[in-house]
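Side-chain atoms are counted along with the backbone in the values below, which use heavy atoms only and exclude waters and symmetry mates. Keep in mind that this is a model prediction, so the values were computed, not measured.
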Amino acid sequence: MLLTMFGFASVARAETTVPTTAPGPVAPGPVAPGPVAPDPSLAKDGYTLAGFRGSLLYLRDTDDDYRLYLQGRAHLDFYSFFGPGVSDTALKPTLFVRRVRPELSGEFFHRWWFMIAGDFGATAIDNPRGTNEVAAAAPGMTPTADSGRYASAQTTKFSAAPTDVFLNFRATKWLNIQTGQFDAPFTMENRTSEKWGTPFMERSLTVRDVAVPTQKQMGVMLWGEAFKILNYSIGLFDGEGQNRPNVDGKGDLFARVYVMPLASRKDAFKNLEFGASVRQGSRDQQYVNYDVPALTTQGQYAFWTPTYTSSSGLTHIIYSGTQQGVAAEARIPFGLVDFTGEAVYIDKGTREAADGMQASASTRHGSLRGYSYYLAFGYWPLGNRDINGTPGVQNMPHIDFDKPDPAHAGRALQLLVKWEQVRLNYASARHSGSADAKNADGDIRVDAISLGANYWLTKHLRLSVNYIANLFPDSAPVTASPAGGPVQSATQRAQAPGNTLAAGVNDDARSHAHVLHEALARVAVAF
């Protein structure tokens, strides 16, 4: 029995002894599945939290409640001028930064949108030699008397200013509420961003000089789309223009409506469009003291300025009283071509004040009134027409992750020709008082024919060239040279650059110049 017990113990010890060789692989048994850790680089919908989609750079949170879109634009421009007497003026060929505009936009809870954008870049050059060089009509550059010369030393001016700063709430597709500073809803072209859609480098004379010289306004606007056909926007604005707070407690009403009756079609005719705009407001002469904007060409030459030498010296033309206007628009796309036209009529009340006396009461009240229109033809021989969207449409940036990412548009070429006319009349005492003996009353008449080409290497890189012939029929200098020569009269108050020369510099151009040729080019980057 003892042997038996001893033997069992020996066997037990032998079975529990650590083997001298390593054990072989053990077959794995079934393992219960555990929770899968979420991918921190993806949102709940399975798409990335950051990337490039729908031509937008985006950042967002995992719940997709907050989105940021990183955007911006940069325009590097070249301007050149030629024509009778132009070489004797300060209009010289120049390469400069027209716009550098970082843009931060976004949305939250899929109902709120915002944008914060501002311009940086060299925008003006003072020059004591003569008139109207690039951006000479910029704020703060005051002409001395009627010679058109500028008094400051030749220095470069840099500016940084907010452009589009707004918040938008979308209740439904047909009702949005937008507040802040943005393009005023008046004319199709003013609601077309130069970032993407303006066919020429700058807006037409019809829009930039007559319809909305300030382009942007601060206020609140209701806008939306109904049945994919009817689009509207109506808003109450300060009326003072970009970055200028209200000074008289009065606002301007702007409204625009347009229809796209063939929106359900699949061809170019889907963008057939007809529309109209109105504006109505007023200015209080006790508080509004800033000058009426100068009228400029696409190359920024000021052919009419809001100051002149009257019997009492340098006199300013200032907005006062009723400000109103109406506009009509049409765009007819067909195949590879499109026809676009807009017409505007304005009647803007004014008053006059001697230099340094702008805050004083005026003895005469008049108006700047008249019409302007343009007709444009475009042809797309290469690539996708309307590569950067439909003119006149400004929707909020948005990415629909439920839809496939659209293919990136390739190269495209657009060829352009445009005819436009400005027919305005200024009467300093149209409403009350009597005109000064040395008044600036009369017609402002300009004709312009423009040629252009836009080439897109991608949607985001655009090369543009423009040629503009600006015609000033019957223009003349303020004083004769030689004696008995042409002198400016009420039949034409617009001036060609040659008309602004000092007597004796180039008297032939001073008396007979009626044209300014502009050759412009741009490299544009936009995201």
Side-chain angles (χ1 to χ4, degrees), residues 137 139 143 146 184 186-187 190 203-215 217 239-241 244 248 250 252 254 277-285 288-297 301-310 314-327 342-354 358 362-374 420-436 438-448 472-475 488-495:
D146 61 0
F186 190 73
T187 75
N190 200 65
R203 288 174 170 82
S204 63
L205 301 179
T206 300
V207 174
R208 63 181 287 112
D209 286 334
V210 181
V212 196
T214 59
Q215 182 186 343
Q217 293 281 345
E240 313 292 352
R244 187 188 292 274
D248 61 356
K250 297 180 180 294
D252 278 13
F254 285 82
S277 306
V278 297
R279 64 171 297 180
Q280 182 73 36
S282 64
R283 302 290 182 272
D284 191 326
Q285 67 163 332
V288 176
N289 303 320
Y290 56 86
D291 291 355
V292 168
L295 306 182
T296 63
T297 65
Y301 165 73
F303 54 84
W304 182 87
T305 57
T307 58
Y308 72 96
T309 301
S310 70
L314 185 64
T315 298
H316 296 260
I317 302 171
I318 303 167
Y319 283 137
S320 179
T322 301
Q323 311 288 308
Q324 56 191 1
V326 294
E342 293 193 87
V344 177
Y345 175 82
I346 61 165
D347 188 350
K348 297 183 178 182
T350 63
R351 66 184 180 92
E352 291 188 350
Q358 289 93 323
S362 297
T363 58
R364 53 183 173 269
H365 293 79
S367 68
L368 179 66
R369 65 168 57 160
Y371 69 90
S372 180
Y373 71 90
Y374 75 84
E420 51 190 326
Q421 283 192 322
V422 174
R423 293 293 184 268
L424 299 177
N425 177 268
Y426 173 66
S428 60
R430 178 174 277 133
H431 298 308
S432 66
S434 58
D436 184 86
K438 297 181 179 180
N439 61 70
D441 295 7
D443 295 333
I444 304 166
R445 297 181 289 129
V446 183
D447 302 327
F472 309 97
D474 303 317
S475 63
Q488 188 184 87
S489 69
T491 61
Q492 173 63 297
R493 293 298 184 181
Q495 287 187 306

A.B. asks: Residues two or more places apart in sequence or in another chain: which of them pass ring-ring contact (aromatic ring centres under 6.0 Å, His included) with Phe186?
C.D. replies: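 Checked Phe186 against ring-ring contact (aromatic ring centres under 6.0 Å, His included); zero matches.
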A.B. asks: Going by the rule side chain to side chain contact (heavy atoms under 4.5 Å, CB included), which residues pair with Asp209 if we only count those two or more places apart in sequence or in a different chain?
C.D. replies: Leu205, Leu295, Thr296, Phe303
A.B. asks: Taking only residues two or more places apart in sequence, or in another chain, which ones meet Arg244 in a salt bridge (charged side-chain N to carboxylate O under 4.0 Å, His left out)?
C.D. replies: none
A.B. asks: List in chain and number order the residues that pass side chain to side chain donor-acceptor pair (under 3.5 Å) with Gln488, two or more places apart in sequence or in another chain; answer none if no residue qualifies.
C.D. replies: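 Result, side chain to side chain donor-acceptor pair (under 3.5 Å) vs Gln488: Arg493.
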A.B. asks: The criterion is side chain to side chain donor-acceptor pair (under 3.5 Å); which residues satisfy it with Gln280, sequence neighbours excluded?
C.D. replies: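 For Gln280 there are no side chain to side chain donor-acceptor pair (under 3.5 Å) partners, ignoring immediate neighbours.
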A.B. asks: For Thr206, give me all partners under side chain to side chain contact (heavy atoms under 4.5 Å, CB included), at least two apart in sequence or on another chain.
C.D. replies: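 Counting only residues at least two positions away or on another chain, Thr206 forms a side chain to side chain contact (heavy atoms under 4.5 Å, CB included) with Ser204, Val344, Ser372, Tyr374, Glu420.
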A.B. asks: Residues two or more places apart in sequence or in another chain: which of them pass side chain to side chain donor-acceptor pair (under 3.5 Å) with Thr315?
C.D. replies: Ser310
A.B. asks: Return the set of residues passing side chain to side chain contact (heavy atoms under 4.5 Å, CB included) with Asp441 (not counting sequence neighbours), or none when no residue passes.
C.D. replies: Tyr426, Ser428, Ala435, Asn439
A.B. asks: Using the side chain to side chain donor-acceptor pair (under 3.5 Å) criterion, which residues pair with Thr214? Sequence neighbours excluded.
C.D. replies: Gln217
A.B. asks: Just to verify, what does Arg351 make a salt bridge (charged side-chain N to carboxylate O under 4.0 Å, His left out) with, not counting sequence neighbours?
C.D. replies: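 Salt bridge (charged side-chain N to carboxylate O under 4.0 Å, His left out) list for Arg351, sorted by chain: empty.
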A.B. asks: Can you list everything that forms a salt bridge (charged side-chain N to carboxylate O under 4.0 Å, His left out) with Asp447? Sequence neighbours excluded, please.
C.D. replies: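 If we apply the salt bridge (charged side-chain N to carboxylate O under 4.0 Å, His left out) test to Asp447, skipping adjacent residues, the hits are Arg423.
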A.B. asks: I'd like to check the salt bridge (charged side-chain N to carboxylate O under 4.0 Å, His left out) partners of Asp291; sequence neighbours left out, ordered by chain and number.
C.D. replies: none
